There are 2 protein chains.
Amino acid sequence: MPKDRTPTRIQQKNRAAILEAALNVFSAHGFRGSTVDQIAAEAGLSKPNLLYYFPSKEAIHTALLSGLLEVWLAPLHALNEDGDPMEEILSYIQRKLEMSRDLPRESRLFANELVQGAPRIHEALSSDLKNLVDEKTAILTRWMDQGKIACVHPYHLVFSIWALTQHYADFDVQVRAILGGEDPFEGAGPFVELLYRKLLTP
Amino acid sequence: MPKDRTPTRIQQKNRAAILEAALNVFSAHGFRGSTVDQIAAEAGLSKPNLLYYFPSKEAIHTALLSGLLEVWLAPLHALNEDGDPMEEILSYIQRKLEMSRDLPRESRLFANELVQGAPRIHEALSSDLKNLVDEKTAILTRWMDQGKIACVHPYHLVFSIWALTQHYADFDVQVRAILGGEDPFEGAGPFVELLYRKLLTP
DNA sequence: TCTTGATTTGACCATCTGGTCAAACTCACG
DNA sequence: CGTGAGTTTGACCAGATGGTCAAATCAAGA
């Protein structure tokens, strides 16, 4: 196991390669469906070598999840009370949709975890995530009280945004099977924008 | 392996128990994360006995999926061109939401399969499902052309209904972690009804 | 160059898992 | 009863899988 001191170039490179490979594998097969050999092969390392950098399969998984949670929540963090309410919300939605398009592996990694009861990130949900959502729904509620956007259940508003945008990453196969060759995001962008404009216009 | 003749009472009972147990286990852990022993224990059978009724783990899984696909698509099947457009769509949405509340295991079974690329039901998606959706979006399009509902992308309208309603079953842990003790479906029903009323009112 | 710590690996192990099989048991029916 | 088909199971197997370890290799500073 490498020391905790300043990591060498090799350590940085290999840790990064492992996390990148693990993202590919875990997001495609879930935790239980992925094997250490698979991740090692994808990272271009032997299995014992991989286990030299991370003590176990589970350690890789949690390192991935906790490392990506920040990235995943960044768009919501950026929601700014001082901006124009409708524009703030719509640009949050657009950022989430772009993340589904550009980071589908990350979306599916979390989807895999959540759909199976989030055994490994349950605590993060009810602490970090809940705090963030509480904070941002408070902003939404204030906007509603001020009549700047229509009055709807703020938590379910957030859920709906997550559901709508992440659907395109998580259930990509289904969407594409139905749309045929058409690019899903071509139509999705205008659709969700129209939807939330109509919903939130006072 | 039991004969193909008219199944005995024992066969009916055990097959049903196996599928019920498999639904519990597969929906909670995914295909790869579930073991035959787990399913057998849950069904109150020994592993060899279970494999007397189904030739393999995969056979149980496909039997489950194909058996439930019909149930899963029934609400969309029921969408009737001759009814009142807005009421037809809203009651489709309510039925889907009720299914998320009453059949969350079924929802998660499909979610698990889809998020991992639907390796076992890919063909059903691009044949049965696509045909059904094509048929029903044609109805939606006609309603839009007649000015009976607002004009939006019909495929993305369907996707949004799936995403919004199934979110409450598939990501149940997350929803509950954020809502605290509140019943998710209490607020979800009125929220989605308002959302689609605003979206689809011409 | 030499030394020392960092890195890599082949061989190995214990456990889990899907699946098999022959033998035993049960049940309906003549 | 008795019998034959239907049902159940303990014992077992082969392969996969997470993880270990001692030995080998490499890399950079003295």
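Just so you know, these numbers come straight off a predicted model, no measurement behind them.
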Review point. If you draw a 6.0 Å radius around CD in A:Glu70, do more than 12 non-hydrogen atoms from other residues or ligands fall strictly inside?
Key: no
Review point. Should the pair A:Phe159 and A:His156 be assigned to parallel (<30°), tilted (30 to 60°) or perpendicular (>60°) ring geometry?
Key: perpendicular
Point to revise | Base-pairing string, 5' to 3', of DNA chain C - Watson-Crick or wobble, under 3.5 Å, | interstrand | key: ||||||||||||||||||||||||||||||
Exercise for review: Starting at atom CD1 of A:Ile60, determine the distance to atom C1' of D:dG19, rounded to an integer number of angstrom.
Suggested key: 12 Å
**Study point:** First of A:Arg32 and A:Gly44 reached from the 5' end of DNA chain C, by closest nucleotide
**Key:** A:Gly44
Point to revise | Interatomic distance where NZ belongs to A:Lys13 and C1' belongs to D:dA27 [whole Å] | key: 13 Å
Review point. Does any donor-acceptor pair link the side chain of B:Lys47 with the base of C:dG19 at a separation under 3.5 Å?
Key: yes
Exercise for review: Could you check how far NZ of A:Lys57 sits from P of D:dT17, rounded to whole Å?
Suggested key: 9 Å
**Study point:** Length of the CD1-C1' vector between B:Ile18 and C:dG18, whole Å
**Key:** 15 Å
Review point. Nearest-Å distance, CD1 (B:Ile10) to C1' (C:dC25)?
Key: 12 Å
Check your understanding: Within the distance-only criterion (no hydrogens, no angle test), does the side chain of B:Glu81 pair as donor or acceptor with the backbone N or O of B:Ile139 below 3.5 angstrom?
Key -> no
Point to revise | Validation row: A:Glu88, A:Trp143 side chains within 4.5 angstrom (heavy atoms) | key: yes
Practice item. Look at the side chain of B:Thr137 and the backbone N and O of B:Tyr155, then say whether any donor-acceptor pair between them is shorter than 3.5 Å. Key: no
Review point. Once you round it to whole Å, what is the distance between P of C:dT8 and CZ of A:Arg15?
Key: 13 Å
Point to revise | B:Asn14 side-chain N/O to D:dG6 phosphate OP1/OP2 under 4.0 Å | key: no
Practice item. Using whole Å, report how far CD of A:Gln12 lies from C1' of C:dT7. Key: 16 Å
Point to revise | d(CG, A:Leu50; P, D:dG18) in whole Å | key: 11 Å
Exercise for review: Measure from NZ or CZ of A:Arg101 to the centre of the six-membered ring of A:Tyr168, then state whether that distance is under 6.0 Å and the direction lies within 45° of the axis.
Suggested key: no
Practice item. Identify which one of B:Gln174, B:Arg108, B:Gln116 satisfies the side-chain contact (heavy atoms from CB on, under 4.5 Å) criterion when paired with A:Val115. Key: B:Arg108
Review point. So, A:Asn24 and A:Glu42: side-chain donor and acceptor under 3.5 Å apart, yes or no?
Key: yes
Check your understanding: Of the nucleotides D:dT20, C:dT8, D:dT8, which one has an atom closest to the side chain of A:Leu51?
Key -> D:dT20
Check your understanding: OP1 or OP2 of D:dT8 sitting under 4.0 Å from any side-chain N/O of B:Tyr52?
Key -> no
Check your understanding: Which sits closer to the 5' end of DNA chain C, B:Asp37 or B:Arg9, going by the nucleotide each is nearest to?
Key -> B:Asp37
Exercise for review: From the options C:dT9, D:dT8, C:dT7, select the nucleotide whose nearest atom is closest to the side chain of A:Ser46.
Suggested key: C:dT9
Revision key, fill the gap. Comparing nearest nucleotides in DNA chain D, the 5'-proximal residue of the pair A:Pro48, A:Thr35 is A:Thr35
Check your understanding: Which listed nucleotide (D:dT20, C:dA6, C:dG18) is nearest to the side chain of B:Val36?
Key -> C:dG18
Point to revise | Side-chain N or O of A:Asn49 closer than 4.0 Å to phosphate OP1/OP2 of C:dT7 | key: no
**Study point:** Contact under 4.0 Å: B:Gln11 side-chain N or O vs D:dG6 OP1/OP2
**Key:** no
